[in-house]
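Below is one structure, written out as structure tokens, with a few remarks after it.
All values reported here derive from a predicted model rather than from experimental measurement.
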Amino acid sequence: MSNSQIADIFDQVAALLEFQGANQFRVRAYRNAARTIRDYPEPIAVLAAEGAAKVSELPGIGEDLAKKCVTLVETGQLPQLVELQSQVPASVLALLRIPGLGPKKAAALHKELGINSLDELKAACEAGKVRGLKGFGEKTEKTILAGIGSAAAAGQRILWAEAEEIARDLALHMRGTPGIRELEFGGSYRRGKETIGDLDLLVVADSPAAAMDRFGAYPRVKEVIARGETKMSVRLDTGLQLDLRTVPEESFGAALQYFTGSKDHNVVLRGMAKSRGLKINEYGLYRVDGERETYLVGRTEKEIYDALHLPLFPPELREARQEFDWAAAGALPKLIEEEDIRGDLHMHTTATDGRGTLEEMVSAARQRGLKYIAITDHSKRVTMANGLDGPRLRAQWKEIDRMNCDLGDEFHILKGVECDILEKGGMDLPDDVLAEADWVLASVHYGQQQPKEQITARILEAVEHPSVTAIAHPTGRLLSRREPYAVDLEAVMQAALKHHKFLELNANPLRLDLNDVACAAAKKLGILLVINTDAHSTDQLTYMRYGILQARRAGLTREDVANTRTWPQLKKLLWRT
DNA sequence: GCCGTTTTCGGCCCGACTGTTTTCAGTCG
């Protein structure tokens with residue numbers, strides 16, 4: 001049983017317990033454990049095999065949850081969940097997805113009106129039955145009815161790159177307000193998460209009301225969800241929620257820290273403050289003496305972290321994963337930056353499905369300051385993309401040789417290919433062709449639905465192939481569109497380690513494959529990653545920054561990424577030299 | 001359900017906003 005499966009089960013237990021009105025801290029314990037397990041870089045199953053005591057060494061997992069992990073690994077089932085499911089119909093959990101409906105109200109609807117599904121809730125609202133319940137009124141009934149329609153859309157997350165577009169546009173719009181002194185986005189957007197649920201905007205303004213008016217006048221706003229003295233929420237035509245918060249100047253750092261999160265990071269931070277007789281809220285850091293609270297700092301984030309003797313954590317690390325342990329050990333990693341990248345080892349040209357010619361890709365890469373690139377067009381199996389066979393590929397390589405002569409020492413083009421791993425196993429090009437390449441990416445495009453054993457065996461075979469240098473987009477996922485294939489990533493990593501092969505972090509904002517947790521796991525094992533754009537046009541060479549964000553979330557430094565090396569250094573890392 | 005340089009019991013981050021109330025519970029982030 002995989003970590004994410006175990007985590008999902010604990011999350012289900014938490015949701016059902018919450019619905020039943022269980023102690024909120026007990027619910028939180030399950031959620032915390034789920035998150036810890038989901039983020040853990042090694043299989044929990046391995047720990048569970050050593051016994052519950054080993055599992056309970058993980059933070060937030062005590063004796064009870066450790067035993068449950070062992071049960072899950074051994075039997076694939078959790079009796080507690082089966083019991084809970086028999087008490088609460090699974091369909092009622094759908095009620096919790098409606099904005100404004102939490103566990104208490106949903107439980108009341110279920111208990112008082114016998115509502116078990118969204119359809120039944122809709123009927124009850126339309127019949128005016130809901131407004132009669134204690135704590136409900138006409139307005140709540142209306143909100144629920146409106147929420148049922150958007151329940152599917154709500155919770156939909158957008159790509160980080162899409163959020164960035166909106167954020168830039170909104171920032172431009174907001175800067176038109178007179179008296180805006182500070183403006184910054186927080187939340188998961190600032191932490192660089194691969195997908196974003198909503199956008200949080202923080203401003204210091206001479207007139208908060210004027211800022212809110214301007215916010216509400218943003219052309220794409222469809223409805224105002226809430227507006228108070230300092231806080232306003234709106235929804236865009238796409239369903240995306242935007243939150244605006246205004247704070248006084250002396251609170252800007254505290255508010256930015258608070259709204260950047262993550263929630264779990266803040267819980268730890270505030271707990272640390274509390275144990276030192278301090279208090280943190282979005283207005284600042286306070287000393288607490290009985291009833292008296294004295295403002296200490298809050299103008300900048302650094303002041304807040306300084307006061308707790310903590311480093312100014314890069315936002316990408318603020319997930320309550322390992323950052324506090326690193327800080328305590330004085331070993332916060334110096335995260336990789338885009339400037340560290342010297343080469344890009346995955347891109348396409350007009351020879352297959354790219355839109356830029358070989359010359360254009362080289363020229364654009366040089367303009368971006370890169371020192372080398374690999375041209376990695378598709379192999380022949382990818383017929384849709386006009387994939388290359390041996391002769392066409394060799395012709396391209398001949399052209400590259402000629403260009404390299406002209407370029408001299410300034411820039412180097414690697415003769416590469418993105419060679420398909422065939423459905424039945426084996427590579428899509430003959431060994432003698434692959435042996436002539438400088439750089440061979442192996443990737444799966446077909447047979448993605450195959451069972452775990454089969455697809456893993458195919459990829460392992462590719463890892464072991466003497467000419468293959470790296471596995472491209474190792475799980476094949478497309479964010480919000482396609483699940484990863486059933487590959488046993490642990491096995492692939494072990495093989496990559498043994499055969500000194502690289503794994504790709506594909507920087508395409510729709511892929512970002514490997515994900516942050518897998519990248520951290522690879523680092524822990526000592527596998528080098530390559531961050532590549534997979535550019536299909538000159539514009540897409542800018543995708544590198546998305547890959548860098550993901551790498552930073554994984555805690556990667558420049559040492560963990562092979563294409564921060566010069567080409568001669570990288571060449572030495574390849575097994576053939 | 002977890003956890004311990006206040007604690008093995010009694011805590012567990014903190015505040016804004018809404019709707020339904022008439023002082024507050026629920027929801028959200």
Side-chain angles (χ1 to χ4, degrees), chain A residues 10 13-14 17-18 21-36 55-69 80 95-109 130-144 147 154-155 186-189 191 196-202 208 212 224-234 241-247 251 254-255 257-286 288 293 304 320 328:
Chain A
F10 283 165
V13 171
L17 284 174
E18 189 173 43
N23 178 309
Q24 54 166 319
F25 299 109
R26 188 174 166 220
V27 173
R28 201 170 87 184
Y30 278 94
R31 295 224 162 97
N32 276 340
R35 197 178 53 83
T36 299
V55 182
S56 72
E57 285 175 17
L58 296 177
I61 297 181
E63 201 183 328
D64 181 82
L65 290 178
K67 276 186 191 158
K68 283 172 179 161
C69 285
Q80 181 195 18
L95 305 186
L96 296 173
R97 288 207 302 270
I98 296 171
L101 268 196
K104 294 275 164 50
K105 284 199 160 135
L109 291 166
V130 170
R131 68 185 71 171
L133 291 183
K134 187 170 156 44
F136 291 76
E138 255 184 78
K139 214 151 187 185
T140 310
E141 196 173 76
K142 238 172 119 183
T143 311
I144 292 174
S188 52
Y189 174 67
R191 300 199 311 279
I196 305 299
D198 59 20
L199 262 181
D200 302 300
L201 177 60
L202 181 68
M212 287 194 199
V224 175
I225 301 168
R227 175 171 175 165
E229 298 280 306
T230 63
K231 195 176 167 219
M232 180 168 173
S233 297
V234 299
Q241 184 173 328
L242 307 182
D243 297 321
L244 173 72
R245 186 68 188 262
T246 67
V247 292
S251 299
Q257 192 289 316
Y258 170 58
F259 286 107
T260 298
S262 66
K263 187 181 192 310
D264 297 298
H265 176 90
N266 287 352
V267 167
V268 175
L269 197 71
R270 289 179 177 202
M272 291 173 81
K274 200 166 186 174
S275 68
R276 294 171 191 224
L278 302 169
K279 187 177 94 168
I280 302 175
N281 59 25
E282 57 263 58
Y283 298 108
L285 181 103
Y286 299 81
V288 182
E293 292 177 358
I304 303 280

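Using a 4.0 Å cut-off, no side-chain N or O of A:Lys274 falls inside it from OP1 or OP2 of B:dG11. Contact check, A:Tyr286 against B:dG15: no side-chain N or O comes under 4.0 Å of OP1 or OP2.
Using a 4.0 Å heavy-atom cutoff across all strands shown, A:Gln24 reaches no nucleic acid atom at all. Within the 4.0 angstrom heavy-atom criterion, only backbone atoms of the sugar-phosphate kind lie near A:Glu138; the bases stay farther away. Within the 4.0 angstrom heavy-atom criterion, only backbone atoms of the sugar-phosphate kind lie near A:Tyr30; the bases stay farther away. A:Asn266 comes within 4.0 angstrom of nothing in the nucleic acid, heavy atoms only. Residue contacts shown for A:Lys134 are absent, as no nucleic acid heavy atom lies under 4.0 Å away. A:Asn23 comes within 4.0 angstrom of a base, heavy atoms only. The residue A:Leu269 sits apart from the nucleic acid: no heavy atom pair falls under 4.0 Å. Within the 4.0 angstrom heavy-atom criterion, no nucleotide atom of any strand lies near A:Lys142.
Of the listed nucleotides (B:dG1, B:dG29, B:dC17), B:dG29 has the atom at the smallest distance from the side chain of A:Tyr258. Comparing B:dG26, B:dA16, B:dT20 by their nearest atom to the side chain of A:Arg245 picks out B:dA16. Comparing B:dG19, B:dC14, B:dC13 against the side chain of A:Thr140 picks out B:dG19 as the nearest. Nearest nucleotide to the side chain of A:Phe25, out of B:dC2, B:dT20, B:dC13: B:dC13. Here the side chain of A:Arg28 is nearest to one of B:dG15, B:dG26, B:dC13, namely B:dC13. With B:dG29, B:dC14, B:dC12 as the candidates, the nucleotide lying closest to the side chain of A:Arg270 is B:dC14. Checked against B:dA16, B:dG29, B:dG15, the side chain of A:Thr230 finds its nearest nucleotide in B:dA16. Relative to the side chain of A:Lys105, the nucleotides B:dC17, B:dG15, B:dG26 differ in distance, and B:dG26 lies closest. Comparing B:dC2, B:dC12, B:dA16 against the side chain of A:Asp64 picks out B:dC2 as the nearest. Nearest nucleotide to the A:Ala226 side chain, out of B:dG26, B:dC17, B:dA16: B:dC17.
Summarising the geometry, the separation between CG on A:Leu133 and C1' on B:dG19 is reported as 14 Å, rounded to the nearest angstrom. The separation between A:Leu278 atom CG and B:dC14 atom C1' is 15 Å, rounded to whole Å. Going from atom CD of A:Glu141 over to atom C1' of B:dG26 covers 18 Å, rounded to whole Å. Going from atom NZ of A:Lys104 over to atom P of B:dG26 covers 5 Å, rounded to whole Å. If you measure from atom NZ of A:Lys263 to atom P of B:dT27, you get 14 Å, rounded to the nearest angstrom. If you measure from atom CG of A:Leu244 to atom P of B:dC17, you get 11 Å, rounded to the nearest angstrom. Between A:Leu96 atom CG and B:dG29 atom P there is a gap of 13 Å when expressed in whole angstrom units. At whole-Å resolution of the value, CG in A:Leu285 and C1' in B:dC13 are 13 Å apart.
Side-chain N or O atoms of A:Ser251 include one that pairs as donor or acceptor with a backbone N or O of A:Tyr283 at under 3.5 Å. A donor-acceptor contact shorter than 3.5 Å is absent between the side chain of A:Asp64 and the backbone of A:Lys67. Listed for the A:Glu282 side chain is no donor-acceptor partner under 3.5 Å among the backbone atoms of A:Tyr258. Using modelled atom types, no side-chain atom of A:Glu293 and backbone atom of A:Tyr286 make a donor-acceptor pair closer than 3.5 Å. The main-chain N or O of A:Thr260 is found under 3.5 Å from a side-chain atom of A:Arg191 such that the two form a donor-acceptor pair.
Classification of B:dT7 as syn follows from a glycosidic angle within 90° of 0.
A gap of 9 Å separates the C1' atoms of B:dT8 and B:dC3, to the nearest Å. For the P atoms, the distance linking B:dT6 with B:dC12 amounts to 15 Å, nearest Å. For the C1' atom pair drawn from B:dC9 and B:dT20, the interatomic distance equals 37 Å after rounding to whole Å. Using C1' as the reference atom, B:dT21 and B:dG26 are 13 Å apart when rounded to the nearest Å. Here, B:dC2 and B:dT7 have their C1' atoms 14 Å apart, quoted to the whole Å. Only the P atoms considered, B:dC17 is 22 Å distant from B:dC13, to the nearest whole Å.
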Pair A:Asp200-A:Arg245, salt bridge (charged side-chain N to carboxylate O under 4.0 Å, His left out): steps then yes or no: CA-CA 8 Å; A:Asp200 302 300; A:Arg245 186 68 188 262; over 6 Å; no
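Annotation: A:Gln80, atom CD; neighbour count of heavy atoms from other residues, nucleotides and ligands within 6.0 Å is above 12.
Nearest-nucleotide mapping onto DNA chain B: of A:Ala29 and A:Lys231, the residue sitting toward the 5' end is A:Ala29. Each of A:Arg227 and A:Pro103 has a nearest nucleotide on DNA chain B; the 5'-most of these lies closest to A:Arg227.
Taking the ring centre of A:Phe10 as origin, the terminal cationic atom of A:Lys68 falls outside the region bounded by 6.0 Å and 45° from the ring axis.
Across the strands present, B:dT8 finds no partner; the criterion is a Watson-Crick or G-U wobble pair with both atom distances under 3.5 angstrom.
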